[in-house]
Each structure stands twice: as structure tokens, then as C-alpha cells.
Amino acid sequence: MNSPILQLLVLAGIAIFLILRLKNVLGTRDGFEGPARSAPAPDTRRRREFEVIEGGPDHDIVDHVPEDSDSAAALAEMKRIEPDFSVTTFLQGARGAYEMILMAFERGKLDEVTPFLDRDVYETFAQVVDAREQQGLSIEAEFIGVRELTLADARFDADTRRAEISVRYVGELISVVRDSNGAVVEGAPGQSKRQKDVWTYERIMGSDDPNWRLVATGE
């Protein structure tokens, strides 16, 4: 066999070897795959939407009061003075405070809630409790639950940092009033009634005292 033919055979063998190696590394392609595609361009629209969300309204506020209202502005000032303040968390606490204070009043045990009552509110409640005792009346009360709770109003005094938040409640409870002989004079055993209240709480924002105090009651 002459030298040129031998060289061709050697080159053909090398080519076959390289083809087999490439197939092992890249795999086998079947069918039409279309032209190669370049990497997708960055989705600037999604980035813009995220930026709008980040710079948008504070849902901790606007979920409870209109965005352009005086109450929203007052709540924003409260959060500026005290960044950890949360309207949603406050309302959750107000729900528990309503049951605690209302039932302490119904049962005549105001000492249990004194830290949460303004002096004027405490004295008003205490006068009613004392009058009941003088008349020989007793109350059997059971709290069923808060059926509705909404933020009615919010105010903030920038000079004193005094914050006021009014909450509208619709509560449900069983309340039976008995005289000294045990006769029912108001309510009915086992029959619940709904009670509507608007309570206003107050606190100095940024102070060491974390408690909100009930400063006014109404309907």
C-alpha cells in the first residue's frame, strides 16, 4: 500500500474517532430544532411594577381608612414617630381590650383594667358599678364575640405627640340583671344581644409606656 493511501486511511480513522467522541459529549439531536435563540432580554416591565408597589401606599393604613383622609395622614405621622407601630396590630389589640374592659365593667371588677382606663372613664364606670351595688343589682354576663370592628377616626397632635384612635365595635353578649331577690329585671338567660360602641384610645407616641388608654366612650 503506497504512502498517500495510508495517510488517507489514518486521517479517516481520526475523523471517525472525533465524531464518535462528539456524539458522546453532546448527545444525539433528532428532528428539526430551529435556529439558535439568543438569551431573553431583561423584563423591565416586571421591574417597573415592583418599583411602583414599593413606592405605593402603605396598606397597613389604607386597608383601614381612605388613602387621602385626615385619618390616614394622622396614622402616617404616628408611624413616622414610632416606625414599629402597626395599625393592624393595634386593631387586634383593640379587639381584645374591648372584651376585657367591657366584661370587667359588667362584672364590677374595674381594678383589673385600671391601667387601660383614663381617669375620667374609670370614674364614670365606677359610678355606675357603685349605683348597681347600692340598688342590690347583680349582673351575669357572658361575652359572645366582636361581630364588627372598624377604625372610625384617627388624630395626631405633632406638638405633644398625642395620638387618638377611635374604634367602632359591634359586640354580642349575654347580660342578665337580677335584683336582690334574684329576679330578672333586665335581659334574659341564654339570650344574647348586640351592643354598638365607639371607643377612643389615646397614647403618647414614642413614650416608654406601651399601653393605649380608653379616654372616651359613645355610640
Side-chain angles (χ1 to χ4, degrees), residues 61 63-66 69-71 74-75 78 85-157 162-205 207 209-219:
I61 294 176
D63 284 352
H64 303 290
V65 296
S69 64
D70 292 339
S71 292
L75 293 169
M78 295 178 201
F85 171 65
S86 165
V87 180
T88 301
T89 301
F90 166 83
L91 291 175
Q92 291 171 349
R95 179 183 293 271
Y98 182 69
E99 176 182 357
M100 179 177 63
I101 295 173
L102 181 62
M103 297 312 292
F105 170 72
E106 292 285 335
R107 294 166 180 163
K109 298 181 179 180
L110 295 179
D111 290 344
E112 297 177 356
V113 294
T114 300
F116 308 103
L117 302 179
D118 178 75
R119 179 182 297 275
D120 291 341
V121 172
Y122 176 85
E123 291 178 353
T124 300
F125 283 2
Q127 289 174 5
V128 176
V129 171
D130 290 343
R132 290 194 313 231
E133 291 179 354
Q134 291 174 5
Q135 297 173 35
L137 302 177
S138 62
I139 296 182
E140 300 169 359
E142 178 184 355
F143 190 78
I144 305 301
V146 175
R147 298 310 182 196
E148 296 178 26
L149 183 151
T150 55
L151 198 158
D153 190 26
R155 298 180 183 181
F156 182 74
D157 186 325
R162 186 179 303 278
E164 288 188 358
I165 301 179
S166 296
V167 180
R168 182 177 291 108
Y169 298 95
V170 177
E172 186 172 353
L173 69 156
I174 298 172
S175 181
V176 179
V177 181
R178 297 180 183 273
D179 63 18
S180 57
N181 296 319
V184 175
V185 296
E186 185 179 335
Q191 182 176 331
S192 65
K193 64 177 182 179
R194 293 201 172 187
Q195 179 166 319
K196 297 180 180 180
D197 291 292
V198 176
W199 285 9
T200 300
Y201 300 90
E202 180 183 272
R203 180 172 175 264
I204 302 299
M205 302 303 293
S207 68
D209 186 354
N211 290 331
W212 289 80
R213 289 180 173 80
L214 179 62
V215 297
T217 62
E219 295 183 4

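- Between Ser71 and Ala154, the closest heavy-atom pair is OG-N, 3.2 Å.
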Report task. Run the numbers on Val167 and Phe90 for side-chain contact (heavy atoms from CB on, under 4.5 Å), then give the verdict. Result -> CA-CA 10 Å; Val167 180; Phe90 166 83; 3.9 Å; yes
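- Side-chain atoms of Asp118 come within 3.5 Å of backbone atoms of Asp120 as a donor-acceptor pair (strictly under, hydrogens ignored).
- Looking only at atom types and distance, the side chain of Glu172 has a donor-acceptor partner in the side chain of Ser192 under 3.5 Å away.
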Query raised in the report: Yes or no on side-chain contact (heavy atoms from CB on, under 4.5 Å) for Val87 and Val65, after CA distance, side-chain angles and deciding distance?
Result: CA-CA 10 Å; Val87 180; Val65 296; over 6 Å; no
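- Counting only heavy atoms from C-beta outward, the side chains of Arg119 and Glu123 approach each other to under 4.5 Å.
- Residue Asp130 qualifies as enclosed at atom CG: its count of foreign heavy atoms under 6.0 Å is above 12.
- Note: Asp197 CG to Glu219 CD = 7.0 Å, rounded to the nearest 0.5 Å.
- In plain terms, the two heavy atoms of Ala97 and Tyr201 that are nearest each other are CB-OH, 4.0 Å.
- Atom CG of Leu110 sits about 5.5 Å away from atom OH of Tyr122, to the nearest 0.5 Å.
- Side-chain contact between Val113 and Phe105: absent, with no pair of heavy atoms (C-beta onward) separated by less than 4.5 Å.
- Leu137 and Asp179 get closest at one heavy-atom pair: CD2-CA, 3.8 Å.
- Remark: Tyr98 OH to Met103 CE distance equals 10.5 Å, nearest 0.5 Å.
- Residues Phe125 and Thr217 have side chains in contact (heavy-atom distance under 4.5 Å, counting atoms from C-beta outward).
- The pair Glu202-Arg162 meets the salt-bridge criterion, since a charged nitrogen lies less than 4.0 angstrom from a carboxylate oxygen.
- Shown here for Gly108 and Arg132, the closest heavy-atom pair between the two residues is N-NH2, 3.8 Å.
- Rounding to the nearest 0.5 Å gives a distance of 3.0 Å between NE2 of His64 and OG1 of Thr88.
- Across Val198 and Ser166, no two heavy atoms sit closer than the pair CG1-CB, 4.3 Å.
- Heavy-atom minimum distance, Ile165 versus Leu75: CD1-CD2, 4.0 Å.
- For the atom pair CG (Asp157) and CE (Met205), the distance works out to 13.0 Å, reported to the nearest 0.5 Å.
- Judged by distance alone, the side chain of Tyr169 and the main-chain N or O of Ala94 form a donor-acceptor pair under 3.5 Å.
- The shortest distance between side-chain heavy atoms of Ile204 and Asp209 does not fall below 4.5 Å.
- A distance of 6.5 Å separates OG1 in Thr200 from CD in Glu164, rounded to the nearest 0.5 Å.
- Proximity of Phe116 to Asn211: side-chain heavy atoms (C-beta onward) are separated by under 4.5 Å at one or more points.
- Residue Arg155 places its CZ atom among 12 or fewer non-hydrogen atoms of other residues, nucleotides or ligands, all under 6.0 Å distant.
- Between the side chain of Thr89 and the backbone N or O of Ser86, no donor-acceptor pair lies under 3.5 Å.
- In this structure, Arg107 forms no cation-pi arrangement with Phe143, as its terminal cationic atom is not both closer than 6.0 Å to the ring centre and no more than 45° off the ring axis.
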